[in-house]
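In this chain, numbering begins with 1 at the start of the sequence shown. All values derive from a computational prediction rather than experimental measurement.
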Amino acid sequence: MSEEETPPVSEEEQQEHDEERKPLSVVSKLCYGLGGMAVDIFWTVLGAYTNIFLVKVAQLPPLFGTSVVFGGRTIDAACNFIIGPLIDRTDTRWGKIKPWILGSGLLLIPIYILVWYVPDVGLEGKLTWYILLYVFLMFVKTALSISSRALVVFLSHDSQDRDSATVYRGLFVLLGIVAGITIHGQIVASYQQAKFDPCSNSSVSTNSTNGTVDNTYLAEVKTGYLLSSGIIASLTFVCILGVLIGTTERKAISTTSQQQHYQSFMETIKAVLTFRPNVFLLLIFLNVALTLAILLGTSVLFIQYKLDLAGQVQNAMLAFVLSAAVSLVLMGKVVAKLGKRTSFMCYQLAIIPPALGLQFIPERSLAVLIVVCILLGFSGSAGFFIPWAMLNDIVDAYSLQADRRLDTVFFSVALSMNSFTTTLGLGLTTIALEIGGYKTGDCVQPASVGTSLGILVSVFPAVCSLFAVLLIWRYPITEQGRKDIQKQLENRKKSDKDNQVQDSELREVDKDQQRWYSSGTTKSSFEEETPPLSATDLSVSVDQK
């Protein structure tokens with residue numbers, strides 16, 4: 001077929017081709033990062049204050065409160081396995097990912113506010129209320145977390161662009177943690193007057209049988225929780241709108257991801273769980289996420305009961321987060337120079353000395369605590385970025401091997417591991433309190449509580465980091481392997497485009513033949529295409545003979 005007969009490229013295909021060649025803009029990376037803040041700003045508050053709220057404000061027995069928390073975490077882990085394949089099979093005119101982000105964002109606002117509302121329906125009624133709300137909340141949170149996290153795969157074909165966007169998300173995750181704790185803590189504290197301090201003998205009228213504070217205190221605190229929930233829910237939705245408006249989900253990647261949905265749900269999960277590089281990464285996730293969960297979750301109690309610095313918890317957390325944010329800014333250059341595996345091993349090894357150093361901080365020594373927190377933040381920040389960047393490589397490796405993309409399923413399984421490690425961290429903290437002889441309701445705890453918490457917050461993260469280093473060392477995708485995967489994917493993509501052009505040309509030839517047959521002519525193709533001989537041509541032909 002000649003150049004004139006080559007089928008023209010459609011405007012949509014041309015636009016898609018032009019977007020593939022453009023690098024991902026800073027605005028797109030920032031808006032993608034807002035998804036991390038949208039999730040972590042409310043998830044941090046839930047993790048830090050749910051137990052206190054259910055027991056002290058909602059007045060549920062400790063066993064009921066613990067059941068709600070651990071039940072919610074279990075549902076969260078289960079929902080990851082369900083929602084991931086559902087997103088993977090989604091195909092709408094608006095894309096694969098964005099409908100889930102919008103739908104979960106709209107549902108999240110009222111559910112999150114109602115979680116902090118205390119209904120006057122009796123003990124059993126309140127237990128039912130919170131269990132149902134937490135079931136719905138975990139479903140919505142999981143949908144938002146998976147879709148907003150997996151969106152990075154649909155933003156660009158280039159692995160460096162996706163890694164850069166993941167760094168931006170890590171920064172916004174840290175910002176969400178700080179914003180959630182700061183906003184909620186300040187608002188609730190403003191409604192808790194000093195005269196209502198539960199540990200002051202002269203400030204609170206308590207009931208000797210159930211230990212509850214008076215109604216004035218409860219009314220004030222309930223108002224603070226509701227106001228905080230409304231502000232945080234609004235900020236969450238603003239971040240979600242930023243993700244929807246500021247990013248573009250590329251249809252070419254979504255189309256590739258929608259192919260070959262012949263596998264059943266269990267076969268899909270099995271394929272992800274048995275893919276060798278992903279097995280290593282899930283074990284790395286287990287150790288790294290458990291390290292961060294203990295450092296961020298148990299350290300609050302450790303600072304209070306071991307170091308006797310309860311009033312400096314927010315300063316220590318701020319030092320950790322700011323140090324991690326600065327480290328993330330520099331981490332992209334380190335990874336570009338050393339590669340993901342080598343960089344990750346160095347950062348994990350760097351966690352071990354300051355983690356063990358927590359055990360030797362003198363009591364009431366704020367300066368030493370701040371220095372240790374800065375060192376932990378600088379080295380621990382790798383857990384917010386590098387594992388997720390490695391997951392992008394695993395998605396590409398599986399796509400190359402199986403000729404099928406399971407982007408959302410891989411991300412959902414990784415998030416499920418994160419949920420499991422968070423639950424495990426809460427359980428280990430509870431065990432440490434029990435071993436130390438923690439007495440519920442007492443303002444002064446025995447010294448053994450601080451000792452057990454100190455062992456957990458220092459030795460355990462050091463051991464987990466060491467295991468993580470060994471797993472990263474054995475991780476099968478090297479830096480050269482990652483580059484080879486990208487090159488082979490590009491070659492396959494070019495080959496697919498060439499095949500599409502050839503198919504298009506063949507379809508045009510078929511159309512020409514169909515038009516000829518439908519014309520009804522009885523002449524042969526030779527007769528139709530060969531011009532008739534003139535009289536001069538005929539005489540020349542006879543003379544030659």
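- Not a single donor-acceptor pair under 3.5 Å links the side chain of Lys126 to the backbone N or O of Val118.
- Within 6.0 Å of CZ on Phe136 lie no more than 12 heavy atoms contributed by other residues, nucleotides or ligands.
- Of all the heavy atoms in Leu376 and Ala355, the pair that sits closest is CD2-N, 3.7 Å.
- Under the salt bridge (charged side-chain N to carboxylate O under 4.0 Å, His left out) criterion, the residue pairs touching residues 130-149 are Asp76-Lys141, with sequence neighbours excluded.
- Ring-plane geometry between Phe410 and Phe275 is classed as perpendicular, the angle between the planes exceeding 60 degrees on a 0 to 90 degree scale with a lower cut at 30.
- Between Val140 and Ser104, the shortest heavy-atom contact is CG1-O, 3.0 Å.
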Mind listing the side-chain donor-acceptor pairs of residues 106-113 below 3.5 Å, one per line with the distance, residues two or more places apart or on another chain?
from	atom 1	to	atom 2	distance (Å)
Tyr112	OH	Trp116	NE1	3.4

Step-by-step side chain to side chain contact (heavy atoms under 4.5 Å, CB included) determination, Val272 to Tyr398: CA-CA 9 Å; Val272 171; Tyr398 182 83; 5.8 Å; no

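- In this structure a side-chain-to-backbone donor-acceptor pair under 3.5 Å is missing from Glu249 to Leu155.
- Taking the side-chain hydrogen bond (donor to acceptor under 3.5 Å, both in side chains) definition, one finds that Ser28 meets it with Ser25, sequence neighbours left out.
- Side-chain contact of Gln480 with Asp484: a donor-acceptor pair under 3.5 Å is present, judged by distance alone.
- Residue Ile477 is tested with Arg482, Arg341, Lys340 for a side-chain contact (heavy atoms from CB on, under 4.5 Å); the sole match is Arg482.
- Residues forming a side-chain hydrogen bond (donor to acceptor under 3.5 Å, both in side chains) with Asn287 (at least two apart in sequence, or on another chain): none.
- Remark: aromatic rings of Tyr32 and Tyr168 are distant, center separation not under 6.0 Å.
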Candidate pair Leu54 and Val68, rule side chain to side chain contact (heavy atoms under 4.5 Å, CB included), full reasoning: CA-CA 9 Å; Leu54 292 176; Val68 172; 3.9 Å; yes

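- Using a 4.5 Å cut-off on side-chain heavy atoms (C-beta onward), Leu286 and Leu282 make no contact.
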Pair Phe385-Phe344, side chain to side chain contact (heavy atoms under 4.5 Å, CB included): steps then yes or no: CA-CA 10 Å; Phe385 160 56; Phe344 204 6; over 6 Å; no

Verdict with reasoning, Asp393 to Lys483, per salt bridge (Lys or Arg N to Asp or Glu O under 4.0 Å): CA-CA 10 Å; Asp393 299 336; Lys483 294 178 181 178; over 6 Å; no

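- Formation of a donor-acceptor pair under 3.5 Å by the Ser190 side chain with backbone atoms of Ile187 is found in this model.
- Without hydrogens or angle criteria, Lys98 side chain to Leu151 main chain gives no donor-acceptor distance under 3.5 Å.
- Listed by chain and number, the residues in a side-chain hydrogen bond (donor to acceptor under 3.5 Å, both in side chains) with Ser147 amount to none (sequence neighbours excluded).
- Between the side chain of Thr142 and the backbone N or O of Met138 there is at least one donor-acceptor pair closer than 3.5 Å.
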Run the side-chain donor-acceptor check on residues 36-46: report pairs under 3.5 Å with partners two or more places apart or on a different chain.
from	atom 1	to	atom 2	distance (Å)
Thr44	OG1	Asp40	O	2.7

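- For Ser379 (side chain) and Leu375 (main-chain N/O), a donor-acceptor pair under 3.5 Å exists by modelled atom type.
- With hydrogens and angles ignored, the 3.5 Å screen pairs no side-chain donor or acceptor of Ser323 with any backbone N or O of Ala319.
- Scanning all heavy atoms of the two residues, the minimum distance from Ile352 to Ser465 falls at CG1-CB, 4.0 Å.
- Ring centroid separation for the pair Tyr475 and Phe280 does not come in under the 6.0 Å cut-off.
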